[in-house]
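What follows is one structure encoded as structure tokens, with my remarks underneath.
Values in this document were obtained by computation on a predicted structure and should not be read as measured data. Naming convention: chains lettered A, B, ... in sequence-line order (proteins, then strands); numbering from 1 in each chain.
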Protein chains: 2
Amino acid sequence: MLHVLLHMARQAKPFTSEQIGEMLKTNPVVVRRTMAGLRDAGYVTSVTGPGGGWTIACDLEKTTLLDIQKAVGGPNLFVIGIDNPNPVCAVERAVNAALSEAMERAERMLLDRLGEVSLASLAIHFGGLCEGNHGSAK
Amino acid sequence: MLHVLLHMARQAKPFTSEQIGEMLKTNPVVVRRTMAGLRDAGYVTSVTGPGGGWTIACDLEKTTLLDIQKAVGGPNLFVIGIDNPNPVCAVERAVNAALSEAMERAERMLLDRLGEVSLASLAIHFGGLCEGNHGSAK
DNA sequence: TTTCTCGATACAACAAATGTTACGAATTAT
DNA sequence: ATAATTCGTAACATTTGTTGTATCGAGAAA
């Protein structure tokens, strides 16, 4: 998905769901499903009709991986979260108490890092490669 | 599962898979499946025949949540791991580079914490409650 | 009006986890 | 030795979540 966003940032014309589906080796409907989250969050726009499709609509500098993560998927970064914050089971409570602090710190560390990485910083590396492959034509 | 281990630590007699299944509201076969990992790792023993079942076989002080985690499940703590360490895709490489360090630190933090919590330390809280409920009879 | 595109819904295919059934092997008691 | 109990294992069913597909309607452009 990030792939697509960076591609979109390098082209003024919108991409259709079908084109994106080819890039991602998937289906136009699936593309619409996942893009819907980004559209609702305002990071991309979609227009119908001929010549329509998806266009990027955010500031690459200000949009981070955390934003994308939140818009696309859930905030479920960990496999073992603390499902039940106040369980009846005594053992569960004991485990929660023992681990909650470390979990929160680990999660915050990761989330902070996601929030530090902008799309623009990814585009730097990506852009360089694309110049080489496709030429810098416009 | 931890529940069961702590219960076993408080009773000399072995528990049958059926008894454990009742505690966990599941099936004897499912119990055997998950206990198999603990057995192979040497944290519990199982004997067949009448009067048989599962017995704890480890030092509560020395066995940590990390040990149990490794024996029971996989070491897959994170939802988004770096699946492909050296991908063809340029975007993926850029993302990996940007996040790998933070991920490793977060993972290590959590793993270290798991390794610090012994079964004995859980048993302290648990034990207290059980005395009250079941009496300390013998 | 025709064509292109997204939006949305419903359904199918697939995979993973969990639950179930069944049978064999080991152990104990009689 | 025989019977009863219990684990070990394999095969199969059920459930759940994800992904893929088909279809139809609505909006926009030529």
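You'll find that the side chain of Trp54(B) is closest to dG8(D), out of dG8(D), dC6(C), dA26(C). Side chain of Arg39(B), nearest nucleotide from dT9(D), dG27(D), dT6(D): dT9(D).
Side chain to side chain, Trp54(B) and Ser17(B) meet the donor-acceptor criterion of an N or O pair below 3.5 Å.
Of the two residues contacting DNA chain D, namely Pro28(B) and Gly49(A), the nearest-nucleotide position lying further toward the 5' end is that of Pro28(B).
When all heavy atoms of Gln19(A) and Phe15(A) are compared, the pair lying nearest together is OE1-CA, 3.3 Å.
Put simply, OG on Ser46(B) and CE on Met35(B) are 8.5 Å apart, with the number rounded to the nearest 0.5 Å.
With Ser121(B) contributing its side chain and Val117(B) its backbone, the two residues share no donor-acceptor pair below 3.5 Å.
Below the 3.5 angstrom threshold, one finds a donor paired with an acceptor across the side chain of Arg33(A) and the base of dG20(D).
Taking only side-chain nitrogens and oxygens, Ser17(B) comes nearer than 4.0 Å to OP1 or OP2 of dC7(D). Phosphate contact (OP1/OP2 of dG7(C), side-chain N/O of Ser46(A), threshold under 4.0 Å): present. For dG20(D), one of the phosphate oxygens OP1 or OP2 lies less than 4.0 angstrom from a side-chain nitrogen or oxygen of Thr26(A). Under 4.0 angstrom from either OP1 or OP2 of dC6(C) there lies at least one side-chain N or O belonging to Arg32(A).
Across the protein-nucleic acid pair, Phe15(A) atom CZ and dC6(C) atom P stand 12 Å apart, rounded to whole Å. Summarising the geometry, the separation between CG on Leu38(A) and C1' on dC6(C) is reported as 15 Å, rounded to the nearest angstrom. Between Gln19(A) atom CD and dC4(C) atom P there is a gap of 14 Å when expressed in whole angstrom units. The separation between Glu22(A) atom CD and dT5(C) atom P is 12 Å, rounded to whole Å. Atom CG in Leu24(A) sits roughly 18 Å away from atom P in dT18(D) (whole-Å rounding). Per the geometry, CE belonging to Met35(A) stands 9 Å off P belonging to dG7(C), to the nearest Å. Between the P atom of dT18(C) and the NZ atom of Lys25(B) lies a distance of 18 Å, rounded to the nearest Å. The CG-C1' distance, from Asn27(B) to dC7(D), rounds to 14 Å in whole Å.
Shown are Thr16(B), Thr26(B), Val4(B); of these, the side chain to side chain contact (heavy atoms under 4.5 Å, CB included) with Val31(B) is made only by Thr26(B).
Base engagement by Val29(B) is indicated by at least one non-hydrogen atom pair under 4.0 Å involving a base atom.
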